[in-house]
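Shown next, in structure tokens, is the structure this report addresses.
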Amino acid sequence: MKLDAAYYPNDNVVWLAKDLLGKVLYTNVNNSITAGIIVETEAYFGIEDKASHAYGGRRTNRTETMYCMGGIAYVYLCYGMHNLFNVVSSVDGDPHAILIRAIEPLVGIDIIEERRKMVSTKASISSGPGSAAKALGIDRSFNAKILTGDEIWIEDQNIKYTEQDIVATPRVGIAYAQEHALLPLRFFVKGNKYVSKPNKI
DNA sequence: AAACGGATTGGCT
DNA sequence: GCCAATCCGTTTC
């Protein structure tokens, strides 16, 4: 079943980042429906997080999306070419976000293969945040879209991972975040082939 | 109006 | 496993 709007305003972003593992992320792009199981996430805990775009309460046209009420998408461009998809959580004014770093292709696999120009047996088809977003057809036009609508949504299909199935490591690519660089806020499903490479166990 | 630099990827060794 | 290409939004002048 589709997660409803009440799921997202939760202010425990670490709990949410873990809870999203096993949930199924859907997109409908021009009536092409694709979906994947979320197998890797990172938590960004807001204005006190030196790795967050919203660190220090920074508000720009870009970061404004994160300050909205939880339950919308935050999609931004990285390295001038990669669209990175985040779930905005917590309440209005508290810019929490959860980066979706990898999915396991589940629905519309032929469409995903065409978008990525490779077969779904290759782990790199949806491994890493840029690849996962591209696999699902997510670009910047999805920024600020509501996650309970009919273009992008998340379902609970009763795929459950226990604490023993989940690994926590430092987040990737945020060495500039000083003492926050080593916090174990990246979560992934142990042994899943679509989890991205850095620090893979 | 112009410079800057990145929550990465993928190709090459 | 390592390293370098690669753009555009953001920031600053």
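We name chains A, B, ... by the order of the sequence lines, and we start the count at 1 in each one.
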Roughly how many Å apart are dT12(C) and dA7(B), using the C1' atom of each and rounding to a whole number? 23 Å
Centroid-centroid under 6.0 Å between His180(A) and Tyr55(A) rings: no
Is the Lys NZ or Arg CZ of Arg140(A) less than 6.0 Å from the centre of Tyr76(A)'s six-membered ring, within 45° of the axis? no
Both distances below 3.5 Å, Watson-Crick or wobble geometry, any strand: find the nucleotide opposite dA2(B). dT11(C)
For a quick check under 3.5 Å, do Asp19(A) and Tyr7(A) share a side-chain donor-acceptor pair by atom type? yes
Would you mind reading off the distance between Asn61(A) atom CG and dT12(C) atom C1', rounded to a whole angstrom? 16 Å
Produce the list of close N/O pairs, under 3.5 Å, pairing protein atoms with atoms of nucleotides 10-13 of chain B; give distances to one decimal.
{"residue": "dG10(B)", "atom": "OP1", "partner": "Arg116(A)", "partner atom": "NH1", "Å": "3.4"}
{"residue": "dG10(B)", "atom": "OP2", "partner": "Arg116(A)", "partner atom": "NH2", "Å": "3.4"}

d(OH, Tyr176(A); C1', dT8(B)) in whole Å: 12 Å
Nearest-angstrom distance from the residue atom CG of Asn83(A) to P of dC8(C): 12 Å
Without decimals, in angstroms, what is the distance between Tyr74(A) OH and dG9(C) C1'? 10 Å
Asn143(A) side-chain N/O to Val75(A) backbone N/O, donor-acceptor pair under 3.5 Å: yes
Would you say Asn30(A) and Ser32(A) are linked by a side-chain donor-acceptor pair, where the criterion is simply a distance under 3.5 Å? no
Base, sugar-phosphate or nothing for Leu99(A)? Non-hydrogen atoms, less than 4.0 Å. base
dG6(B), OP1 or OP2 - any side-chain N/O from His82(A) closer than 4.0 Å? no
Would you indicate, yes or no, if dA4(C) has its OP1 or OP2 atom less than 4.0 angstrom from a side-chain nitrogen or oxygen of Tyr79(A)? no
Any chance the side chains of Ser124(A) and Arg116(A) put a donor and an acceptor closer than 3.5 Å? no
Whole-Å distance, Arg171(A) CZ to dG6(B) P, equals 16 Å
Side-chain H-bond candidate by donor/acceptor type, Ser90(A) with Asp11(A), under 3.5 Å: no
For the pair made of CZ in Arg140(A) and P in dG9(C), what is the distance, rounded to whole Å? 6 Å
Indicate whether OP1 or OP2 belonging to dT10(C) is found under 4.0 Å from a side-chain N or O atom of Arg58(A). no
How many Å lie between CG on Asp139(A) and C1' on dG9(C), as a whole number? 15 Å
Side-chain atoms of Arg101(A) come closest, of dT8(B), dG9(C), dT10(C), to dT8(B)
Do Glu40(A) and Ser196(A) pair up side chain to side chain, a donor and an acceptor below 3.5 Å, judged on atom types alone? yes
Near-parallel close stack of Tyr44(A) and dA7(B) base (under 5.5 Å, under 30°): yes
Whole angstrom is fine here: how far is it from NE2 in His53(A) over to P in dG9(C)? 14 Å
Considering only heavy side-chain atoms of Leu84(A), the closest of dC8(C), dA7(B), dT10(C) is dA7(B)
Applying the 3.5 Å cut-off to both distances, the Watson-Crick or G-U partner of dG11(B) turns out to be dC2(C)
Among dT10(C), dG9(C), dA7(B), find the nucleotide with the atom closest to the side chain of Ile174(A). dA7(B)
